[in-house]
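Throughout, residue positions are numbered sequentially from 1 according to the sequence presented. Worth saying up front: this structure is predicted, and the values here are computed from it rather than measured.
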Amino acid sequence: MAFSVMFRRVITKSKTQSQHSLRLLSNRVFIQNTIISNTNNNSIVENGGSVNSHHCYSSQASSVGGVGLPSYMRGAVFWEPNKPLIIEEFHMPRPKSGEILIKTKACGVCHSDLHLMKGDFSSYISPCVVGHEITGEVVEHGPFTDSKIVKRYPIGSHVVGAFSMPCGNCFFCSKGEDELCEDFSAYNRAKGTLFDGETRLFLRGKQIFMYCMGGLAEYCVVPAHALSILPNSLPYTESAILGCAVFTAYGAMAHAAEVRPGDSVAVIGIGGVGSSCLQIARAFGASDIIAVDVQDEKLQKAKQFGATHTINAIQEDAIEKIREITGGVGVDIAVEALGKPQTFFQCTQSVRDGGKAVMVGLTQTGAMGEVDVNLLVRRKIKVIGSYGAKPRQDLPKLVRLAETGVLNISDAVSRIYKFEEAVQAFHELDQGSIVGRAVIEIS
C-alpha cells in the first residue's frame with residue numbers, strides 16, 4: 001500500500017461582494033472581515049484539492065439540526081484496495097428516526113478496517129468511510145426518535161458505540177441475539193447503508209458508503225441501539241476500544257466459550273482482541289491462561305493482562321506446548337483471534353476432548369480452515385464462530401467493568417495518533433508494529 005495522506009480543501013468565492021477574511025485554524029476554514037468578491041466564479045484550491053465541490057464557510061457555524069453545528073465535516077475515505085485513505089470534506093450527515101449524530105472523539109485502529117483497505121473483503125461496497133470503534137458526544141437526535149431514547153442519551157452526553165449495530169426489531173434482535181441482526185447484515189454489511197437502505201454520507205453530490213457507522217470522521221450517525229452511556233470518569237480515547245476489541249472478546253468468552261472459574265484457556269493471536277480475551281478470562285476466574293503469538297513484545301505484555309503462560313509459535317510448536325502445560329490433555333477453551341487458516345487449525349488441535357474452539361479472527365473472503373474430522377466427531381470438539389457481543393445487553397456491562405478497573409483499558413491502548421495520522425496508523429498496524437490497540441483521536 002502507498003501510505004500518504006491526501007487532503008482536499010476547496011473554497012469558492014461568493015458571487016456578491018461581502019465583508020470577509022480568511023484564516024486557517026486546525027484545518028478548519030473561517031471567513032470574516034475582508035473583501036472577497038468574484039465575478040468569474042474563480043476558486044481557491046489548497047493541498048491538492050479539486051473544484052468539484054463549491055461551498056463557503058461562515059464565521060457563524062450554521063446549524064444542521066443541532067445548535068451550532070458546522071455545515072461540513074471531515075472523514076477518512078477508502079476509495080479502492082491498496083490505496084491510502086483520503087481525508088475528504090463531507091456535508092454534515094443527518095440522523096433519521098432512532099439514530100443519533102455523534103461528534104466523534106476517538107476511533108480505534110482495527111484489523112477489520114485494514115482487511116477492507118487491502119481488498120480482503122471483496123464483497124464490500126466502496127467508496128466508504130471506515131472506522132467502527134468510537135466514542136463521542138451526542139449532538140443531535142433524528143426526527144421522531146422515541147422519547148425514551150432521547151431521555152437516555154441527552155444532548156451533550158458521552159457515549160461509546162459498538163461496531164455491531166442492531167435494529168432492535170428483526171427476528172434475532174427480538175430474541176436478544178443482537179450480534180446476528182438481520183438488518184445490520186442485509187444493509188450495512190451488504191450495502192454500506194443504514195437500515196432504510198440509504199447512506200448518511202455525501203461528498204460532492206456522490207453518496208459514500210458506511211463501514212459500520214463510518215466512525216473515522218469528525219461526526220457519525222449511529223443507530224441508538226448500538227450505543228451506551230460513557231461516564232465522565234472514563235476517558236474518550238482509551239474507552240473507544242470497548243466498542244470492538246473488548247466487545248468482540250467479551251462475546252467470545254462470555255457467550256461462545258462460556259468461560260467458567262477453573263477453565264483452562266489458550267488465546268492465539270495477542271492483538272487488541274486477543275489481549276482483551278486474556279483480561280476477560282482472568283476476570284471470569286480461568287486457571288491456566290496461555291497466550292500464543294510470534295512476537296516476544298506482545299507475549300511479555302500478555303502477562304500484564306492475565307497470561308500465566310506464553311508461547312512463541314515461531315520458537316516452539318504451539319499445539320505441543322499447550323498440551324505440555326495442561327498435562328497432555330489440552331485446554332478447555334482455545335480462542336483464535338488472528339484470522340489465519342494456520343491458527344484456525346492450531347485452535348482446533350489445542351483443545352481437550354469435549355473442548356471448545358472459538359473462532360474470532362476475520363480473514364480474506366473465501367479462506368478455508370482445516371479440521372481433523374475424526375477428532376471433531378469422536379472427541380466431541382465444538383467449533384464455534386463468534387462475531388461480537390450483544391450491544392444492548394453487554395456494552396453497558398463492559399463500561400461498568402472498565403469503570404471499576406476490572407478491565408484495564410489504559411494499558412491496553414499502546415499508541416495514540418492524530419486524525420491526520422490515520423494512514424500512518426494503519427500502515428503500522430499492517431507492519432505488526434502496534435502492540436495491543438491503537439486509537440486515533442479526532443477532536
Given the rule in the side chain to side chain contact (heavy atoms under 4.5 Å, CB included) test, do L116 and L114 qualify, once you have shown the distances and angles that lead to the verdict? CA-CA 5 Å; L116 178 70; L114 184 62; over 6 Å; no
Does the pair [X]/[Y] count as a salt bridge with the N-to-O cut at 4.0 Å?
| X | Y | answer |
| --- | --- | --- |
| E258 | K356 | yes |
| E238 | R437 | no |
| D394 | K397 | yes |

Check the pair R74 / E218 against salt bridge (Lys or Arg N to Asp or Glu O under 4.0 Å), numbers first and verdict last. CA-CA 6 Å; R74 296 180 300 162; E218 291 176 316; 3.1 Å; yes
Do [X] and [Y] come close enough that some side-chain heavy atom pair is under 4.5 Å?
| X | Y | answer |
| --- | --- | --- |
| I333 | V259 | yes |
| S157 | I229 | yes |
| V222 | I100 | no |
| V129 | F90 | yes |
| R200 | M213 | no |
| F305 | S275 | yes |
| L85 | V77 | no |
| V138 | V159 | yes |

Verdict with supporting geometry, D430 and K118, salt bridge (Lys or Arg N to Asp or Glu O under 4.0 Å): CA-CA 10 Å; D430 191 33; K118 294 173 72 172; 2.9 Å; yes
Minimum heavy-atom separation for [X] to [Y], with atom names?
| X | Y | value |
| --- | --- | --- |
| F419 | A76 | CZ-N, 4.3 Å |
| Y153 | H141 | O-NE2, 2.6 Å |
| G136 | I102 | CA-CG2, 3.6 Å |
| L242 | V246 | CA-CB, 3.9 Å |
| L395 | G161 | CD2-C, 4.2 Å |
| K301 | S414 | NZ-CB, 3.8 Å |

Yes or no on side chain to side chain donor-acceptor pair (under 3.5 Å) for H158 and N232, after CA distance, side-chain angles and deciding distance? CA-CA 7 Å; H158 299 186; N232 293 338; 3.3 Å; yes
Over 60° means perpendicular and under 30° means parallel, so classify the ring planes of F163 and H132, tilted if in between.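 Ring orientation of H132 relative to F163: perpendicular.
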Given 3.5 Å as the limit, does a donor-acceptor pair link the side chain of [X] with the main chain of [Y], or not?
| X | Y | result |
| --- | --- | --- |
| R392 | C173 | yes |
| Q393 | G176 | yes |
| D183 | C167 | no |
| K298 | V292 | no |
| T365 | D120 | yes |
| E179 | S386 | no |
| T343 | K340 | yes |
| D113 | G131 | yes |
| Q304 | G306 | no |
| D293 | I270 | yes |

Would a line drawn from the ring center of F121 to the ring center of H115 be shorter than 6.0 Å?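 So the answer is yes for these two rings.
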Sub-6.0 Å ring centroid separation between Y219 and Y72: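 No, the ring centres sit 6.0 Å or more apart.
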Atom [atom1] of [X] and atom [atom2] of [Y]: how far apart are they, to the nearest 0.5 Å?
| X | Y | atom1 | atom2 | result |
| --- | --- | --- | --- | --- |
| I409 | Q279 | CD1 | CD | 9.5 Å |
| F195 | M165 | CZ | CE | 5.5 Å |
| L407 | S276 | CG | OG | 7.5 Å |
| L398 | S239 | CG | OG | 11.0 Å |
| I134 | C107 | CD1 | SG | 7.5 Å |
| M253 | R282 | CE | CZ | 12.0 Å |

Go through it in stages, so that I can follow the logic: the residues are V109 and F426, the test is side chain to side chain contact (heavy atoms under 4.5 Å, CB included), and I'd like the CA-CA distance, side-chain angles, deciding distance and then a yes or no. CA-CA 7 Å; V109 180; F426 281 103; 3.7 Å; yes
Derivation and outcome, side chain to side chain donor-acceptor pair (under 3.5 Å), residues E441 and Y236: CA-CA 9 Å; E441 292 182 331; Y236 278 126; over 6 Å; no
For K175, is the NZ atom crowded, meaning more than 12 foreign heavy atoms sit under 6.0 Å from it?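 Yes, NZ of K175 has more than 12 neighbouring heavy atoms, counting only those of other groups under 6.0 Å.
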Near E177 CD, under 6.0 Å, is it more than 12 heavy atoms from other residues, nucleotides or ligands?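 Yes, because the 6.0 Å sphere around CD of E177 holds more than 12 heavy atoms from other groups.
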Applying salt bridge (Lys or Arg N to Asp or Glu O under 4.0 Å) to R400 and E403, what does each step give before you reach the verdict? CA-CA 5 Å; R400 184 61 180 154; E403 188 179 23; 3.1 Å; yes
For a side chain to side chain contact (heavy atoms under 4.5 Å, CB included) check, start with the C-alpha distance between K390 and Y250, then their side-chain angles and the critical distance, and finish with the verdict. CA-CA 9 Å; K390 306 174 189 298; Y250 188 84; over 6 Å; no
Go through the steps to decide whether T199 and L194 satisfy the test side chain to side chain contact (heavy atoms under 4.5 Å, CB included), and finish with yes or no. CA-CA 6 Å; T199 180; L194 293 185; over 6 Å; no
Criterion salt bridge (Lys or Arg N to Asp or Glu O under 4.0 Å) on E140 and R94, from CA distance to verdict: CA-CA 9 Å; E140 184 182 6; R94 301 301 304 274; 3.0 Å; yes
